[in-house]
Amino acid sequence: MIAGFAYEALPMRVRFASGSLHEIAQEMDHLRIDRALILATPEQRELADDVAASLGDRAAGVFAEARMHVPVDVARRAGETARRLRASGCIAVGGGSTIGLGKAVALDSGLPIIAVPTTYAGSEMTPIWGLTEDGAKRTGRDRKVLPASVVYDPDLTTTLPVGLSVTSGVNAMAHAVEALYAPDASPLVSLMAAEGVRALAASIPGIIADPAAGEARKGALYGAWLCGACLGATTMSLHHKICHVLGGTLDLPHAPSHTVVLPHVLAYNQPNAPQARAALAGALGGDDPAGRLWELIRGWGAPVSLRELGMKETDITIVMAQVLAQPYANPRPVTRDGLTALLTRAWSGEPPA
Ligand code: NAD
């Protein structure tokens, strides 16, 4: 059955190929960026330096101070550096934290961003920005921060540690799961969601077996692209709300929190989302996608409890209060009892129910 829908495509270019890092200069030509500031985390400085070296005098400089949750002072310094070096664009090489920094610079300056993702988080496909000041994270949507161009080079993901590859992959799947039952779901996005989940689930075992495996890395990044596009196209629900509180208020790590929570939210929502359930059953196998996902995650050696991520049991009440305080769309009404049971299971590491 096809329900009525609305769909709007986001204006951006995507290049996907092994070795496409070397095509950044062509993207700069296309976007008329003559000099670009390269952004990275301190841990990925070497990669940023390599990009700068390959661009010669078209590299305005390297700013390798990106950090989780985009602190306002870091964003300000990155913006000042771009101005001082007369950059006409930024190249964000890294995961969601680095691409988030690029978005913060774009929000303030309007400079175009070329994103070169090295994790599966999906920020490069969304117009969503986030900034942290005095411990509080503000987020918003603005077309200005959508990267003008995304260069996916699977070769850059071979250095992503196996543990983070798995949790980042499940983080990507979470976007697709919630897109399938989103209030603004639509057929094209649902196709991307099912295919994204399938591609990631099929590729993760190959990455665990050999982190440098070319085909598995390609498959996972391809899945991450599709899942990121789902995040950019739809409104997220209970899962993302819970994870926003876990990261923003309790400072739990982003991708592992998504990994622990997703099967539990899916188990809660799938009775009220039959089309999403069918699509995910097709992508993951079996007829209980939530249970299947939990088993896969456990088999991949990823965390299955919030307790092992450092959360205290008493923190459940903090998460409850914040999740219940704001209304948002969810296929199944979020009740106090339902949420308590869900969070208690996720905290202790029981299978979803
Ligand atoms: P991250 O960007 O914080 O990266 C984690 C660590 O892994 C960093 O030290 C990084 O340098 C390193 N790393 C990244 N890629 C690597 C590679 N290929 N090899 C070796 N090391 C590598 O982690 P993330 O999970 O990608 O991003 C999380 C952040 O992104 C969160 O703050 C989250 O809120 C944000 N995010 C935003 C959106 C959005 O649409 N705005 C979407 C998804 C995530």
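Computed from a predicted model, the values in this text were never measured in an experiment. First listed ligand is number 1; within each ligand, the first listed atom is number 1.
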for atom 7 (O) of ligand 1, nearest protein heavy atom and its distance come out as Leu164 CD2, 3.6 Å
Residue, atom and distance of the protein heavy atom nearest atom 3 (O) of ligand 1 read Ser97 OG, 2.6 Å
Could you tell me whether Glu195 and Arg198 make a salt bridge, using a distance below 4.0 angstrom between a side-chain N and a carboxylate O? yes
Given the options Arg298, Arg307, Arg345, Glu350 meets salt bridge (Lys or Arg N to Asp or Glu O under 4.0 Å) only with Arg345
TODO: State plainly whether the residues Arg143 and Glu8 are in salt-bridge range, i.e. N to O under 4.0 Å.
DONE: yes
In this structure, atom 4 (O) of ligand 1 is nearest to the protein heavy atom Thr119 CG2, 4.5 Å
Atom 24 (P) of ligand 1 has as its nearest protein heavy atom Gly96 N, 3.6 Å
Under 4.0 Å from one or more heavy atoms of Leu156, ligand 1 contributes atoms 18 (N)
N/O donor to acceptor pairs below 3.5 angstrom from side-chain atoms of residues 163-170, sequence neighbours left out:
| from | atom 1 | to | atom 2 | distance (Å) |
| --- | --- | --- | --- | --- |
| Ser165 | OG | Leu160 | O | 3.1 |
| Ser165 | OG | Pro161 | O | 2.9 |
| Ser165 | OG | Arg217 | NH1 | 3.0 |
| Ser165 | OG | Arg217 | NH2 | 3.4 |
| Thr167 | OG1 | Gly163 | O | 3.2 |
| Thr167 | OG1 | Leu164 | O | 3.4 |
| Ser168 | OG | Tyr120 | N | 2.9 |

Of Lys137, His69, Lys103, the one whose closest heavy atom lies nearest atom 34 (O) of ligand 1 is Lys137
- Query: Does Val145 share a hydrophobic cluster with Met12, counting links as ILVMFWY side-chain heavy atoms below 4.5 Å and allowing steps through other members?
  - Reply: no
protein heavy-atom neighbour closest to atom 8 (C) of ligand 1 works out as Glu43 OE1, 4.0 Å
Quick look: Thr126 vs ligand 1, heavy-atom contacts under 4.0 Å, and the answer is side chain
For this session: Please say whether Thr118 places an N or O atom under 3.5 Å from an N or O atom belonging to ligand 1.
Result: yes
Ligand 1 atoms nearer than 4.0 angstrom to some heavy atom of Met68 are 3 (O)
* Trp225 CH2: over 12 foreign heavy atoms closer than 6.0 Å -> no
Joint cluster assignment, Leu343 & Met236, ILVMFWY side-chain distance < 4.5 Å: no
On a heavy-atom basis, the closest approach of Trp347 and Met311 is NE1-O, 2.9 Å
A student checking ligand 1 against Leu231 at a 4.0 Å heavy-atom cut-off should list atoms 40 (O), 42 (C)
If you scan protein heavy atoms around atom 36 (N) of ligand 1, the nearest is Ser123 CB, 4.2 Å
**Prompt:** Looking at Tyr268, does the NZ or CZ of Arg332 lie under 6.0 angstrom from its six-membered ring centre and within 45 degrees of the ring axis?
**Reply:** yes
Apply ring-ring contact (aromatic ring centres under 6.0 Å, His included) to His240 and His258, showing your working. CA-CA 8 Å; His240 281 75; His258 274 267; 5.2 Å; yes
Checklist entry - Does the protein put any heavy atom within less than 4.0 Å of atom 11 (O) of ligand 1? => result yes
Atom 44 (C) of ligand 1: closest protein heavy atom, distance to 0.1 Å, is His254 NE2, 3.6 Å
Ranking Ala121, Pro127, Gly247, Pro161 by closest non-hydrogen atom to atom 43 (C) of ligand 1, top hit is Ala121
Counting from 1 in the order shown, the ligand 1 atoms closer than 4.0 Å to a non-hydrogen atom of Thr41 are 10 (C), 11 (O)
If we number the atoms of ligand 1 from 1 as shown, the ones under 4.0 Å from a heavy atom of Gly95 are 2 (O), 26 (O)
Here the atoms of ligand 1 under 4.0 Å from any heavy atom belonging to Ile128 are 39 (C), 40 (O), 41 (N)
Residues passing the ring-ring contact (aromatic ring centres under 6.0 Å, His included) test with His69, sequence neighbours excluded, are none
When every non-hydrogen atom of Ile297 is compared with those of Pro263, the smallest separation belongs to CD1-CG, 3.7 Å
min-distance protein heavy atom vs atom 22 (C) of ligand 1 -> Gln44 NE2, 3.5 Å
